[in-house]
Number of protein chains: 2
Amino acid sequence: MKPVTVYDIAKEANVSVATVSRVLNNTAPVKASTRERIQGLINKYQFQPNALARSLIKKATGMIGIILPDITNPFFPEVLAGLEQEARKRGYTYFLCDTGSSNQDIKDQYKRESQYLNILIEKQVDGIIMIGGRIDLHKCSKEMANEVAEVNKRVPLVFINGNLPGARYHRVVVDETAGAMRVTEHLIGLGHRDIAFIGGYPQMSNTVRRLEGFRMAMERAELPVREDWINHGGFSVQRGKELMDRLLGMEGKPPTAVVCANDLVGIGAIKAAVKAGLQVPRDLSITGVDDVPMAANVIPELTTLSLKCRELGRTAANVLHLLISKSEPVELLTTLQPELVIRESTSPPAG
Amino acid sequence: MKPVTVYDIAKEANVSVATVSRVLNNTAPVKASTRERIQGLINKYQFQPNALARSLIKKATGMIGIILPDITNPFFPEVLAGLEQEARKRGYTYFLCDTGSSNQDIKDQYKRESQYLNILIEKQVDGIIMIGGRIDLHKCSKEMANEVAEVNKRVPLVFINGNLPGARYHRVVVDETAGAMRVTEHLIGLGHRDIAFIGGYPQMSNTVRRLEGFRMAMERAELPVREDWINHGGFSVQRGKELMDRLLGMEGKPPTAVVCANDLVGIGAIKAAVKAGLQVPRDLSITGVDDVPMAANVIPELTTLSLKCRELGRTAANVLHLLISKSEPVELLTTLQPELVIRESTSPPAG
DNA sequence: GTGAAAGCGCTAACAC
DNA sequence: GTGTTAGCGCTTTCAC
């Protein structure tokens with residue numbers, strides 16, 4: 001059976017399509033009796049207006065796109081949850097564009113970003129939010145940056161925790177440098193002097209920022225930074241284990257505390273430390289960054305830096321909505337303050 | 001600046017829109033020279049055809065909708081990852097419709113499902129996948145079931161691990177009953193006789209199925225089922241802690257093993273047990289269901305039942321695609337076998 | 001309060 | 001090979 005259209009409704013109600021449209025959109029007064037007649041038919045046929053046709057005219061689709069690198073990393077669902085809430089409230093639905101670093105060849109991640117960018121434009125989304133991927137690159141290639149700049153000209157665009165050279169973007173960020181400083185200072189305040197930093201990728205700006213905060217805190221406390229205690233390699237639990245193993249395998253006195261680039265690495269670090277016979281935090285304090293739900297569920301519960309994931313998502317959706325509705329001018333940069341969450345994985349050093 | 005259309009391209013290339021459309025879709029041969037001329041303009045203006053207009057004619061959008069209850073529960077991102085992979089390969093983009101049991105008033109969850117169902121139809125998605133929510137209800141109300149039946153008439157629909165009365169649906173399921181039996185038998189094989197079951201909701205069919213498998217294994221081994229050791233209350237880590245605490249607080253000899261309704265409950269159960277001074281698995285064996293990534297990352301690593309999340313997602317996307325393309329008849333029911341994953345949280349009972 | 005008609009940007013017959 | 005034209009299903013002037 002063919003889907004019913006405004007014409008079908010109009011014909012059966014003995015009115016014109018214009019009138020049907022009017023009751024559909026409440027865009028002009030309609031006589032109560034005809035309105036009821038039409039409404040009756042709408043209910044009878046469970047008529048649902050075709051949003052494609054509507055959007056084609058209105059030049060607005062109520063759809064936005066979210067491009068992210070890996071929904072499987074628990075950080076992103078948290079951000080999404082915040083985003084969803086705000087988006088739904090404003091009447092948007094969203095395309096989730098996972099560039100799938102967990103599934104597919106990670107080398108193609110940026111290619112998939114480009115594809116999704118194009119697809120979203122063709123689908124006429126009202127706006128796009130990007131998080132992770134190329135906007136986290138410390139040095140992004142001119143071509144990749146350019147692509148995004150072009151998109152930015154065509155449709156409202158908001159970055160979460162990232163940036164790109166060559167254009168001015170609307171960004172919602174959390175001050176990771178200050179946050180990493182706070183984490184490190186917490187450790188220093190506890191009495192630690194020998195502190196390592198593991199995880200992340202040196203070519204990613206989030207890692208650079210977190211490491212920078214770490215260094216600033218150490219410097220301010222006049223503590224030496226052991227360069228061989230700074231090791232990168234990724235953001236996964238597996239990486240955390242490996243990096244911690246390496247740290248534990250080094251000659252000489254080990255660190256008494258380890259700042260991890262994110263919670264997953266921190267969880268891996270705990271695993272490796274426990275497996276090596278250490279007690280956390282007695283023998284070794286460990287911290288994370290993100291405050292994903294699991295951070296509160298591991299044993300011992302992970303001291304971490306809350307990146308305010310949900311608020312980040314809500315805020316980004318909000319900024320994007322403001323941009324779309326053009327109701328008011330929007331600040332380019334919105335900065336949230338992260339929050340130190342002290343749990344069980346940190347304590348004064350033993351001895 | 002206005003977006004460029006086929007007309008703009010056609011005019012500047014001195015051809016008709018039909019020819020532009022032809023090179024865009026490779027739908028008929030075009031003289032090489034004109035094709036190049038047109039392609040040049042397309043590149044020059046970075047012309048992207050409006051997918052709304054195209055879909056309006058073709059009656060296909062390349063969009064599908066996924067309705068799920070809570071992206072924040074790590075089970076769902078895993079399924080999504082599988083789904084995304086398959087969907088992308090087939091050229092679909094998808095709306096993520098999170099009915100947000102984590103954010104908002106959970107009482108409105110089913111209302112949001114209804115809303116999303118309507119929105120997806122209006123947006124003319126080519127198909128819908130549902131997972132969780134009302135399709136997991138052991139007894140779903142007539143009205144709620146009816147809504148879905150109506151949707152099922154209008155657009156291809158696939159359920160993951162759920163069902164609804166009143167109509168025949170295409171479903172991709174994993175045999176949870178057999179799986180729960182396998183888990184329980186593993187425990188029994190280890191020598192356990194006093195086994196509890198915690199977590200889930202009695203009104204949800206997944207809980208019913210898992211509990212059924214548990215009971216069947218116990219019965220087959222001629223072991224008594226202690227009804228006061230069967231406690232429901234949810235699927236979260238927090239619930240797992242509470243339910244385990246209650247178990248530990250009961251009079252008499254405690255169970256030597258606990259089958260948890262899912263991994264999160266299992267992780268909570270471990271936390272509560274450890275906090276109570278027990279050693280897992282020496283004093284208490286604990287199992288989960290799902291095999292979310294975190295199950296392998298907690299200490300001790302959780303023995304669990306892999307629900308083949310990714311495969312579930314891939315298969316569902318596949319089935320939906322088959323339904324959409326009508327290329328071949330599709331089985332109503334696709335069943336996957338779950339897999340017991342033995343890790344560290346189970347061992348023979350002490351002494 | 002209501003209808004006629006002109007599109008929104010594209011594809012697909014159907015001519016030539 | 002290419003152009004003309006009629007829609008897809010809806011909203012929106014502009015009359016009446």
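Throughout, a chain's letter reflects where its sequence line sits, starting with A, and its residues are numbered from 1. Any value given below was found using the heavy atoms of this structure, including those in side chains, with hydrogens, waters and symmetry copies removed.
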K.L.:
Closer than 3.5 angstrom, by distance alone: can the side chain of A:Ser114 be matched with the main-chain N or O of A:Tyr110 as a donor-acceptor pair?
P.N.:
yes
K.L.:
What residues, two or more places apart in sequence or in another chain, satisfy side chain to side chain contact (heavy atoms under 4.5 Å, CB included) together with B:Ala10?
P.N.:
B:Val15, B:Val17, B:Val20
K.L.:
Determine yes or no for a side-chain-to-main-chain donor-acceptor pair under 3.5 angstrom, with A:Asp98 supplying the side chain and A:Ile71 the backbone.
P.N.:
yes
K.L.:
Within a strict 4.5 Å, meaning less than it, do heavy atoms of the B:Met130 and B:Val158 side chains meet?
P.N.:
no
K.L.:
Across nucleotides 8-16 of chain C, 5' to 3', mark each nucleotide with B, S or - according to how protein heavy atoms within less than 4.0 Å reach it.
P.N.:
BBBBBB---
K.L.:
Round to the nearest Å and state the distance from A:Asn26 atom CG to D:dT11 atom C1'.
P.N.:
14 Å
K.L.:
Can you list, in residue-number order, the parts of residues 33-44 of chain A that come under 4.0 Å of DNA chain C, counting heavy atoms only?
P.N.:
A:Thr34
K.L.:
Is a side-chain donor or acceptor of B:Tyr169 paired with a backbone partner of B:Ala149 at a separation under 3.5 angstrom?
P.N.:
yes
K.L.:
Using the rule given for salt bridge (Lys or Arg N to Asp or Glu O under 4.0 Å), can you reason through A:Arg310 versus A:Glu78, listing the C-alpha separation, both sets of side-chain angles and the distance that settles it, and then say yes or no?
P.N.:
CA-CA 6 Å; A:Arg310 298 212 179 198; A:Glu78 286 297 314; 3.0 Å; yes
K.L.:
For A:Asp8, answer base if it contacts any base atom (sugar-phosphate contacts may also be present), sugar-phosphate if it contacts only those atoms, and nothing otherwise; contact means non-hydrogen atoms under 4.0 Å.
P.N.:
nothing
K.L.:
So, A:Thr61 side chain and A:Ser55 main chain: donor-acceptor pair closer than 3.5 Å or not?
P.N.:
no
K.L.:
Please report whether the ring centroid of B:Phe95 lies less than 6.0 Å from that of A:Tyr94.
P.N.:
no
